[in-house]
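One-based numbering along the sequence shown.
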Amino acid sequence: MKSATRKFALVVAACCMSLGAQANVLRSIISEDAPGTNGAWSFGTIFTVGANNLNVTSLGAYDFGGDGFTTGQITVGIFDEISSALLVSTNVLSSDPLLGLYRYSSVNIDLLAGHQYRLVADSGSDNYIQGNGTWTFSSDVTFNGYGYCSGTSLTKCDNNTEGDYGMANLQYNVGSQSVPEPASLALLGLGLVGLVASRRRKTA
C-alpha cells in the first residue's frame, strides 16, 4: 500500500508542478508605441504552428495602462484560417489576471502542427497599439500576416492588411493537452483517497 500511495503522490506532484509552470506567449511586447482608439475594430494576427502541436491555455487582450477595459471586457478568439471556423472564444474581463500588458482568460484547445490560424480580438473602442508597436513572435509559430475590419463583433476579415495592432495574445504549452485540468486533478485526488480507505479496510 505504501508503494502504490508513494507512486500516486509523485504523479500528483508532477501534475501540480506542471500547472504552476509559466506558459509561453505568442507575442512579447518590446515597445507599445502610441496607444490609440477610434472605434471598435476586429484585429487579426495570422500564424502557422511549427513542428509541435500547441495546447492553448488562455487568450489575452491588450490592456493599456493596466487599468481595465472601457467596456469591462474584450472578446478574443481563434479562427481556423482555411475553413474560417471560429474554434474557441472568450471574454477577457477587466478583473482577469494581468500579465505584462495583457489580461488573460482561460481556455483549452490544441492547435495542430503545420496548420494556419488567426488570433482575433475586438477592441471594443478600447486602446490598441498604434503604428504596430514593436514585438517578437514565439519561435514555435511562423507569423504570416494580419487582417482587420471595423466592427463590434469578433470577425475574421481582411478589409485592411497594412498592420498588426497587437490587440490579442495567447498563452500555450508545447504538446497536446499536456497539462491536466484542475477538475481532473480533483478526481485523481478523490481516487487516491478511495484507494487508501479501501486498503485500510482490507488490512483491518
For [X] and [Y], indicate whether the former's side chain and the latter's backbone hold a donor-acceptor pair under 3.5 Å.
X: D110; Y: S176; answer: no
X: T155; Y: C157; answer: no
X: D126; Y: S123; answer: no
X: D63; Y: G68; answer: yes
X: T48; Y: Q116; answer: no
X: S42; Y: D122; answer: no
X: S94; Y: F69; answer: yes
X: R27; Y: L170; answer: no

Regarding [X] and [Y], do their side chains bring together a donor and an acceptor under 3.5 Å, going by distance alone?
X: S138; Y: Y172; answer: yes
X: Q171; Y: T57; answer: no
X: D164; Y: T45; answer: yes
X: N169; Y: Y104; answer: yes
X: N52; Y: D140; answer: no

Are the side chains of [X] and [Y] in touch, meaning some heavy atoms are under 4.5 Å apart?
X: V141; Y: L26; value: yes
X: Y148; Y: T161; value: no
X: E81; Y: H115; value: no

Would you kindly confirm whether [X] and [Y] end up in one hydrophobic cluster when ILVMFWY residues are joined by side chain heavy atoms under 4.5 Å apart?
X: L93; Y: V88; value: no
X: V92; Y: L87; value: yes
X: L119; Y: I29; value: yes
X: I46; Y: L54; value: no
X: W41; Y: Y165; value: yes

Which heavy atom in [X] sits nearest to a heavy atom in [Y], and how many Å separate them?
X: A113; Y: N53; result: N-OD1, 2.8 Å
X: T152; Y: A40; result: CG2-CB, 3.9 Å
X: L98; Y: G66; result: CD2-CA, 3.8 Å
X: A121; Y: V76; result: CB-CG2, 3.9 Å
X: G77; Y: L59; result: CA-CD1, 4.0 Å
X: Y102; Y: I129; result: OH-CD1, 4.5 Å

When rounded to the nearest 0.5 angstrom, what is the spacing between CG in N108 and CG in N173?
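The distance works out to 10.0 Å.
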Would F47 and F143 count as a close aromatic pair, with their ring centres under 6.0 Å?
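No, too far apart.
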Y62/Y128 aromatic ring centres below 6.0 Å:
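Centroid separation for Y62 and Y128: 6.0 Å or greater.
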Any idea how F137 and W135 line up, ring-wise: parallel (<30°), tilted (30 to 60°), or perpendicular (>60°)?
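Rings of F137 and W135: perpendicular, over 60°.
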Are F79 and Y117 close enough, and set up right, to give a ring pair (Phe, Tyr, Trp, His ring centres under 6.0 Å), and what steps lead you there?
CA-CA 6 Å; F79 289 85; Y117 299 92; over 10 Å; no
Between the side chains of R118 and D80, is the shortest nitrogen-to-carboxylate-oxygen separation below 4.0 Å, so that they form an ion pair?
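Judged by the 4.0 Å cut-off on N to carboxylate O distance, D80 and R118 do not form a salt bridge.
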Intermediate values then yes/no, side-chain contact (heavy atoms from CB on, under 4.5 Å), L111 and V56:
CA-CA 7 Å; L111 304 185; V56 178; 3.6 Å; yes
side-chain contact (heavy atoms from CB on, under 4.5 Å) for S125 and T70? Distances and angles first, verdict last.
CA-CA 7 Å; S125 297; T70 303; 5.8 Å; no
